[in-house]
J.: 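For reference, the structure I am asking about is given below.
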Amino acid sequence: MKLHLATPADFSFIECVNAHGWKSLLPFFWDADTCVLSRVEDFGADGVALMHVMMNDGMVLIETDAAVNESDLTCRVQRMLQLDVLVADFHRYCEKTARLEHIPTLKQGRLLRSPSLFEDVVKVIATTNTTWAQTKLMVSRIVFSFGLQLPSDPLRRSFPTPQRIADVSVDEFAEKARMGYRNSSVHRIASAIANGELDLESWIDEGISSADLCKRLLSLPGIGPYAASCLMIYMGRYDRVNVDSWARTLVGKEFGRKVTDKEVHQFFESHGEWKALVYHFYQWADP
DNA sequence: TTCCAGGGGTAGA
DNA sequence: TCTACCCATGGA
C-alpha cells in the first residue's frame with residue numbers, strides 16, 4: 001500500500017535522516033544512493049511488514065509490502081521524522097546567531113527517531129560507554145534474537161516489543177544480546193512495560209515540564225544525565241545538552257585545553273531552550 | 001596486558 | 001555537588 005504525508009515547509013527528509021546515527025541502527029536501513037529509508041515494522045494484529053519511506057513531489061511517500069492500519073502507519077512515520085515537532089522558533093533564533101545561520105537554510109533541526117520511545121531508550125542505552133561499532137552490534141543482536149521475521153525475507157526482522165524481551169529470562173537476554181552490564185537495565189525496562197508497571201509511550205504527549213520529564217527518564221535503570229538528555233531531544237525538549245566525549249572534545253578544542261562537563265554546559269548556557277539542538281548542529285571552528 | 005569507547009550507579013567526602 | 005571506583009564488552 002502507498003500513503004502520502006504532507007510535510008512542513010521547514011522539513012528536510014535528508015537532513016532529518018542524516019542528523020545522527022540512528023539510520024545505521026537496525027531495523028533501519030538507509031540507502032544513500034536512492035535516499036530511501038526502510039525498516040521492518042511489527043504492526044501487531046496486521047502482521048510484520050516492510051516499510052519504505054522517501055520523498056515524492058514534496059511529500060513523504062510511505063510504501064509497505066502488506067496492508068496495514070493507515071492511522072497506525074501514519075503515527076509511526078510522523079514520530080520517526082518528527083513531523084509533529086515545531087522548529088520554526090529555533091530557525092528564527094538561528095538566523096540571528098553566529099555559527100547557526102546555516103541551520104534554517106539547510107532546514108536542520110529534526111532528528112530521526114524510532115517509532116516507539118521504548119526503542120529509542122534501548123538504543124540510547126546501547127550507545128553509553130562503548131564504541132559506535134559495538135552499539136550497532138548490540139542493536140543488531142537484539143533485532144536478530146528477539147525481533148519478528150519479515151515473511152517475504154526471514155533475514156530481516158523488526159525491533160522487538162517489550163513483551164518479546166520480557167518473555168525470556170534476563171540470563172537468556174544477556175546471552176543473546178551481549179550488552180554487558182546494560183543487559184539488566186534493558187530487561188528491567190522491558191519487563192516493567194510488559195507487566196504494566198511502566199507506560200513509557202504515554203510520556204511522549206504528556207504536557208509535563210522538562211525538569212519533570214528529565215526526572216522520570218533518570219528514574220529508568222541505565223539512563224543517566226547523558227542518556228536522559230538524548231531522549232529529551234527526541235521528545236522535542238532541548239534545554240539540556242547531552243554532554244558526551246565528543247562534546248568534551250569539541251568544546252576542548254574551542255578552549256585549547258581539556259574541559260569538564262560543567263564547562264561544556266556553560267559553553268552552551270546562553271542558548272537557553274535551544275542548547276541541545278545548538279550542540280547538535282553547531283558549526284565548529286575546527287571539528 | 002592494558003586502555004577505553006557517543007556513561008551509569010554508588011559510596012564517601 | 002564532586003570525585004573515585006567499578007561495571008561487561010570487544011577492538012586497538
Side-chain angles (χ1 to χ4, degrees), chain A residues 16-26 28 30 108 111-114 117-146 165 168-192 198 200 211 213-235 237-238 240-254 258-269 275-282 284 286-287:
Chain A
C16 175
V17 171
N18 286 317
H20 64 147
W22 256 215
K23 65 178 183 292
S24 305
L25 296 180
L26 290 179
F28 280 122
W30 171 243
Q108 293 177 328
L111 293 89
L112 179 68
R113 57 187 176 185
S114 308
L117 182 54
F118 169 68
E119 184 178 326
D120 280 335
V121 166
V122 172
K123 286 179 171 176
V124 166
I125 290 175
T127 67
T128 58
N129 192 27
T130 189
T131 60
W132 184 243
Q134 293 270 36
T135 299
K136 288 196 279 188
L137 287 171
M138 286 184 225
V139 172
S140 62
R141 285 193 291 261
I142 289 175
V143 169
F144 283 118
S145 301
F146 304 103
I165 292 175
V168 300
S169 68
V170 65
D171 288 340
E172 184 179 343
F173 177 76
E175 186 186 331
K176 291 179 174 168
R178 301 214 304 279
M179 300 181 78
Y181 61 87
R182 306 166 194 81
N183 288 316
S184 60
S185 299
V186 172
H187 193 267
R188 277 174 60 192
I189 292 171
S191 300
L198 175 64
L200 257 191
L213 177 61
C214 188
K215 277 183 195 169
R216 283 196 191 178
L217 291 167
L218 288 172
S219 73
L220 298 173
I223 300 295
Y226 157 80
S229 302
C230 281
L231 291 164
M232 287 179 70
I233 294 172
Y234 308 150
M235 299 169 85
R237 313 290 184 99
Y238 312 113
R240 292 173 53 90
V241 175
N242 52 316
V243 177
D244 52 15
S245 57
W246 186 233
R248 284 185 284 274
T249 299
L250 292 171
V251 176
K253 282 185 179 176
E254 296 281 328
K258 222 176 152 180
V259 293
T260 63
D261 285 12
K262 192 174 178 182
E263 287 174 315
V264 175
H265 284 295
Q266 286 169 345
F267 183 82
F268 293 103
E269 189 56 38
K275 285 193 278 285
L277 276 185
V278 167
Y279 162 48
H280 211 94
F281 297 104
Y282 195 73
W284 297 94
D286 182 23

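Keep in mind the model is a prediction, meaning the values are calculated, not measured. Quick note on labels: first sequence line is chain A, next is B, and so on, each numbered from 1.
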J.: Do any N or O atoms from the side chain of A:His187 and from the backbone of A:Asp171 form a donor-acceptor pair under 3.5 angstrom?
T.: no
J.: Rounded to whole Å, please give me the gap between CD1 in A:Ile125 and C1' in B:dG9.
T.: 13 Å
J.: Assess the pair A:Trp284 and A:Phe267: is the distance between their ring centroids shorter than 6.0 Å?
T.: yes
J.: Expressed as a whole number of angstroms, how long is the span from A:Met138:CE to B:dG6:P?
T.: 11 Å
J.: At under 4.0 Å between heavy atoms, what does A:Leu220 touch on the DNA or RNA strands: base, sugar-phosphate, or nothing?
T.: sugar-phosphate
J.: Looking only at atom C1', what distance separates B:dT10 and B:dG6, rounded to whole Å?
T.: 23 Å
J.: Counting side-chain heavy atoms from C-beta on, which of B:dG6, C:dG10, C:dT9 comes nearest to A:Arg178?
T.: C:dG10
J.: Can you measure A:Lys23 atom NZ to B:dG6 atom C1' for me and round it to whole angstrom units?
T.: 14 Å
J.: Looking across every strand, which nucleic acid part, if any, lies under 4.0 Å from A:Thr130 by heavy atom: base, sugar-phosphate, or nothing?
T.: base
J.: Tell me which of A:Gly222 and A:Cys230 sits closer to the 5' end of DNA chain B, going by the nucleotide each one is nearest to.
T.: A:Cys230
J.: Looking for any heavy atom pair under 4.0 Å, which part of the strands does A:Leu137 touch: base, sugar-phosphate only, or nothing?
T.: nothing
J.: Identify which nucleotide among B:dG7, B:dG8, C:dT9 has an atom closest to any side-chain atom of A:Gln134, counting heavy atoms from C-beta outward.
T.: C:dT9
J.: Of A:Thr127 and A:Ile223, whose closest DNA chain B nucleotide lies nearer the 5' terminus?
T.: A:Thr127
J.: Contact class for A:Ala133 (heavy atom, under 4.0 Å): base, sugar-phosphate, or nothing?
T.: nothing
J.: Can you check the A:Asn129 CG to B:dG9 P distance for me, whole Å?
T.: 12 Å
J.: I want to know whether A:Phe146 and A:Phe173 have ring centres closer than 6.0 Å.
T.: yes
J.: In whole angstrom, what separates A:Leu218's CG from B:dG9's P?
T.: 8 Å
J.: Answer yes or no: does a side-chain N or O of A:Arg182 lie under 4.0 Å from OP1 or OP2 of B:dG9?
T.: no
J.: Distance check, P atoms only: B:dA11 and C:dA8, in whole angstrom units.
T.: 16 Å
J.: Between C1' on B:dA5 and CH2 on A:Trp132, what's the gap in Å once rounded to a whole number?
T.: 13 Å
J.: Figure out the CZ/P separation between A:Arg240 and B:dG6, and round it to whole Å.
T.: 21 Å
J.: Check the angle between the aromatic planes of A:Trp22 and A:Tyr234 and answer parallel, tilted or perpendicular using the 30° and 60° thresholds.
T.: tilted
J.: Please give, in whole Å, the distance from C:dT9 P to A:Tyr181 OH?
T.: 11 Å
J.: Picking from A:Val251, A:Val264, A:Thr260, what satisfies side chain to side chain contact (heavy atoms under 4.5 Å, CB included) with A:Val243?
T.: A:Val264
J.: With sugar-phosphate meaning primed atoms plus P, OP1 and OP2, does A:Lys136 contact a base, only sugar-phosphate, or nothing at under 4.0 Å between heavy atoms?
T.: nothing
J.: Does a side-chain heavy-atom distance below 4.5 Å link A:Asn242 with A:Leu231?
T.: no
J.: Relative to the 5' end of DNA chain C, which residue comes earlier, A:Lys262 or A:Arg141, by the nucleotide with the nearest heavy atom?
T.: A:Lys262
